[in-house]
Amino acid sequence: MQFWKPGTQAPGSSLDRIADGETSVISSAPLSASYSVQSARERLPIYKHRDKLLYCVEKYGVVIVVGQTGCGKTTQLPQYLNEAGWAADGNVIACTQPRRVAATSVAARVATETGSMIGDEVGYTIRFEDVSDKARTRILYLTDGILFRETLLDPLLSRYSVIMIDEAHERTVYTDLLLGVLKKIRRKRPSLRLIISSATLDATAFLNYFTNGDSVDDATIISLEGRMHPVDIAHLQEPVADYVLKAAETVWNIHQRQGPGDILVFLTGREEIDRCLEHLSEMLPTLPRTAPRLKLLALHAGLSVEEQLAAFEPAEKGSRKVIVSTNIAEASVTIEGIKYVIDSGFVKIRTYNPSSGLSSLVTVPISQASAIQRAGRAGRTSSGVCYRLYPSSVFNQLGTSTQPEITRTDLTTPLLQLKSLGIDDVMKFEWVTAPPAQSILRALEGLVAAEMVGEDGRLTVIGEKVAECPVEVNLARMLFASKDYRCGEELLTIVCMTTVQDVFIIPDGAAGAMAELERRKFTAEEGDHLTLLNVYNAFVRYGRSSSWCKSHALSFRALSRAVAIRSQLLKYMQRFGLPVDSCQGDARRLRQCLISGYWRHGARWVADGTYRSIQGNTMLYVHPTSVLFTRKPKSGWVIFHEMEETKKTQIRIVTEVDSDWFLPYGHRYCKSA
DNA sequence: GAGCACTGC
């Protein structure tokens with residue numbers, strides 16, 4: 001079996017020649033499904049490392065495990081540890097995942113392998129769903145966010161003997177926070193074992209983090225070589241001006257000159273995906289009558305569940321499937337049967353500018369780690385080929401890993417939670433990668449202005465409570481204020497509805513215009529917050545039905561999630577003694593309450609139809625999805641949920657208010673300006 | 001008059 005290495009090219013390859021069919025693809029037989037579960041486990045590449053892994057976990061406090069997706073570390077390692085007795089005496093082996101689906105699906109698979117019911121010996125915990133048994137569960141899969149939250153309740157995580165942080169190279173905010181806290185915990189509880197599972201390129205960075213760059217006595221790296229199938233890599237010889245067009249051409253060449261197998265294309269967003277598919281459908285009529293058909297599919301998060309599922313259905317016999325996707329197909333979802341990957345080399349990420357407090361979506365080159373991950377998507381069920389739409393010299397210049405999320409995000413919530421853990425001096429926290437000092441300062445200022453943190457840097461009484469609440473700080477602030485405005489019931493709903501995204505489904509073309517009309521039925525003239533309230537109440541009144549959602553162009557998924565979040569937050573409100581009163585239709589009182597959270601998100605209308613932010617006087621455009629997009633607010637003043645920089649600075653979820661309502665917060669502007 | 005990478009508690 002041949003293994004590919006990062007940066008290597010298939011022999012003598014330029015993309016064009018490969019797409020012309022000059023390079024053969026090495027084939028190898030996939031794992032047969034006819035073996036029993038036990039012997040299938042033993043056939044996994046990881047199995048030969050079993051004893052070494054167990055020895056290292058025994059000897060070292062921190063073991064960094066390097067291995068490609070598919071080598072079996074996620075499913076096997078916790079089982080090896082269990083078999084070796086690490087879950088004896090009531091101890092639990094934890095394995096964290098960045099995503100909910102991964103935690104649930106891996107747990108189900110391991111339960112099958114161990115011949116037990118899910119939720120018994122093997123369980124999982126994600127938000128809204130705890131399928132585990134406090135006394136019986138030995139192996140627990142959970143999202144890293146849940147485990148971080150657990151440190152708020154049990155700062156030493158004392159029920160766990162081993163904690164495996166899986167997919168650590170993805171560097172989500174919670175992974176980074178967890179690693180920092182776990183390093184601290186290990187000083188107080190050295191018996192706790194940590195396993196950091198990562199892709200190749202980040203391993204030494206993690207090792208250095210845990211050894212502080214010197215003593216290696218307590219940490220080690222194990223490399224689990226081997227993946228199921230080889231993937232040949234082809235680079236373009238010269239960069240291209242239009243990678244969307246090039247992607248379409250490459251699909252076309254593969255289809256005409258290469259053997260069977262589905263094609264996965266990585267682009268950055270919906271607009272590019274649609275353009276690529278348009279190019280391809282224009283070419284379709286020129287396909288010879290006898291040639292296999294080409295099935296064109298888009299895949300991005302904005303699609304409905306049915307549309308997304310289409311990408312997973314096998315192509316009909318004699319036809320080839322082409323999935324043009326965003327980064328969602330890089331790690332979040334896995335499509336079987338992909339043999340060809342086309343990688344644009346770009347990704348759209350959200351970044352945060354701490355000096356303006358603005359977040360923006362920008363298209364940036366991917367990292368080497370991402371490029372390798374994308375290529376690996378071609379080798380899941382058999383050998384494959386990855387066509388990179390950039391030269392190998394460009395690959396070599398890419399950053400090794402994606403910038404950790406914590407360096408490009410608003411730190412308000414993370415800092416509040418660290419303080420709740422007793423880490424008051426966040427400047428001294430041992431970050432795996434330190435965020436910009438300005439981000440920390442801005443978040444601290446915000447926490448002081450919101451009265452979560454006192455002038456002494458310690459949490460206030462309300463700050464302690466808000467830290468426990470799984471919502472943004474300004475939204476939690478409103479929940480607490482709702483007691484004074486007697487509008488807890490409506491405010492709670494609004495908070496949940498602003499938290500879920502894409503409530504309204506607006507398709508392209510004529511269907512979009514129809515959806516637009518449906519949306520107007522819920523419109524409240526005060527603005528989007530009350531419109532969202534109307535939508536939620538109608539959803540509940542009509543029995544939370546998915547067909548009702550469909551006929552009103554609403555997302556059943558989003559609304560169901562809002563219902564789940566609402567019942568979770570309701571428990572917090574009850575615990576904190578916050579009444580859930582109705583405002584009895586008094587929209588004025590309700591909007592006054594909104595200001596208690598949004599007072600820093602105020603803007604005034606100017607004659608050209610744009611707005612100016614109260615803080616900073618930035619020019620703001622109302623997002624086209626807002627009910628205030630077409631209307632001037634009578635008072636001339638609004639508050640908004642969030643602002644984001646695209647081509648322009650846009651505000652989303654906007655509601656009209658009176659300027660007088662800001663007065664009680666005036667003195668705070670002076671402090672935080 | 002015009003727009004949305006992806007997660008997570």
Side-chain angles (χ1 to χ4, degrees), chain A residues 96-103 125-130 142-153 167 170-178 266-274 299-303 325-333 344 346-351 359-364 366 370 402 405-406 408-409 413-414 416-417 420 466-473 475-476 496 499-508 512-513 515-516 555 558 561 564-565 568-569 572 608-610 621-626 628-631 642 644-648 650-653:
Chain A
T96 70
Q97 297 293 320
R99 281 170 294 280
R100 296 155 53 94
V101 274
T125 309
I126 58 177
R127 188 180 187 182
F128 309 130
E129 241 183 299
D130 182 4
L142 65 179
T143 48
D144 45 19
I146 286 275
L147 187 59
F148 182 69
R149 193 152 281 277
E150 195 170 332
T151 62
L152 297 176
L153 304 172
E167 315 286 2
E170 288 192 25
R171 303 294 300 275
T172 68
V173 168
Y174 285 119
T175 306
D176 273 31
L177 291 173
L178 257 182
F266 283 104
L267 296 176
T268 69
R270 176 177 165 173
E271 195 253 348
E272 285 181 7
I273 289 169
D274 291 345
L299 181 60
H300 53 83
L303 297 174
S325 172
T326 61
N327 218 32
I328 193 170
E330 184 179 304
S332 304
V333 301
S344 64
F346 288 93
V347 66
K348 213 179 267 192
I349 57 164
R350 183 189 281 272
T351 59
S359 70
S360 50
L361 278 174
V362 287
T363 300
V364 295
I366 58 171
S370 261
T402 310
E405 191 185 358
I406 198 134
R408 49 186 173 85
T409 195
T413 304
L416 182 68
Q417 291 179 333
S420 177
V466 167
E468 286 180 49
C469 237
V471 281
E472 277 172 51
V473 169
L475 297 179
C496 299
T499 307
V500 298
Q501 303 133 344
D502 303 318
V503 171
F504 301 100
I505 298 170
I506 310 289
D508 279 335
E516 220 36 75
S555 163
R561 195 170 162 78
I565 294 173
Q568 189 190 33
L569 290 182
Y572 280 92
D608 62 0
T610 64
Y621 292 81
V622 175
H623 196 276
T625 53
S626 171
L628 286 175
F629 182 63
T630 48
R631 275 193 319 109
E642 60 184 0
E644 188 171 72
E645 213 170 7
T646 49
K647 283 168 204 155
K648 298 175 288 197
Q650 290 182 325
I651 50 179
R652 284 185 61 245
I653 312 183

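Predicted model, so just to flag it, every value in this text is computed and none were measured. FYI, side chains are in, hydrogens and waters are out, and symmetry mates aren't considered; it's all heavy atoms of this structure. Letters A, B, ... mirror the listed sequences (proteins, then strands); counts begin at 1.
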**Donor on one side chain, acceptor on other, A:Ser555 and A:Asp502, under 3.5 Å** = no
**Asked** Without hydrogens or angle criteria, can the side chains of A:Glu272 and A:Thr268 be said to hold a donor-acceptor pair below 3.5 Å?
**Response** yes
Base, sugar-phosphate, or nothing: which does [X] touch, judged by heavy atoms less than 4.0 Å apart?
X	answer
A:Leu361	base
A:Thr326	sugar-phosphate
A:Arg149	base

Among the nucleotides [options], which one has an atom lying closest to any side-chain atom of [X]?
X	options	result
A:Phe629	B:dA5, B:dA2, B:dC9	B:dA2
A:Arg100	B:dC9, B:dC4, B:dC6	B:dC9
A:Ala301	B:dC9, B:dC6, B:dC4	B:dC6

Residue-phosphate contact under 4.0 Å: [X] side-chain N/O, [N] OP1/OP2:
X	N	result
A:Gln501	B:dC6	no
A:Arg350	B:dC4	no
A:Thr625	B:dA2	no

Whole Å only: how far is the [atom1] atom of [X] from the [atom2] atom of [N]?
X	N	atom1	atom2	answer
A:Tyr174	B:dC6	OH	C1'	15 Å
A:Leu153	B:dC9	CG	C1'	12 Å
A:Glu150	B:dG8	CD	C1'	16 Å
A:Glu645	B:dC4	CD	P	12 Å
A:Ile126	B:dC9	CD1	P	7 Å
A:Glu644	B:dG3	CD	P	13 Å
A:Glu167	B:dT7	CD	C1'	13 Å
A:Arg127	B:dC9	CZ	P	7 Å

**Request:** Might you work through the side chain to side chain donor-acceptor pair (under 3.5 Å) test for A:Ser370 and A:Glu330, ending with a clear yes or no?
**Result:** CA-CA 8 Å; A:Ser370 261; A:Glu330 184 179 304; 2.9 Å; yes
**Closest approach of A:Ile273 to A:Leu299 (non-hydrogen atoms, all atoms of both residues)** = CD1-O, 3.9 Å
**Item:** Given DNA chain B, 5'-ward residue of the pair A:Pro470 and A:Ser332, judged by closest heavy atom
**Value:** A:Ser332
**Message:** Assuming nearest nucleotide by heavy-atom distance, tell me which of A:Thr143 and A:Thr630 is located more 5' along DNA chain B.
**Reply:** A:Thr630
**Asked** Yes or no on side-chain contact (heavy atoms from CB on, under 4.5 Å) for A:Gln568 and A:Arg127, after CA distance, side-chain angles and deciding distance?
**Response** CA-CA 9 Å; A:Gln568 189 190 33; A:Arg127 188 180 187 182; 2.7 Å; yes
**N-glycosidic conformation, B:dC4 - syn within 90 degrees of 0, else anti** = syn
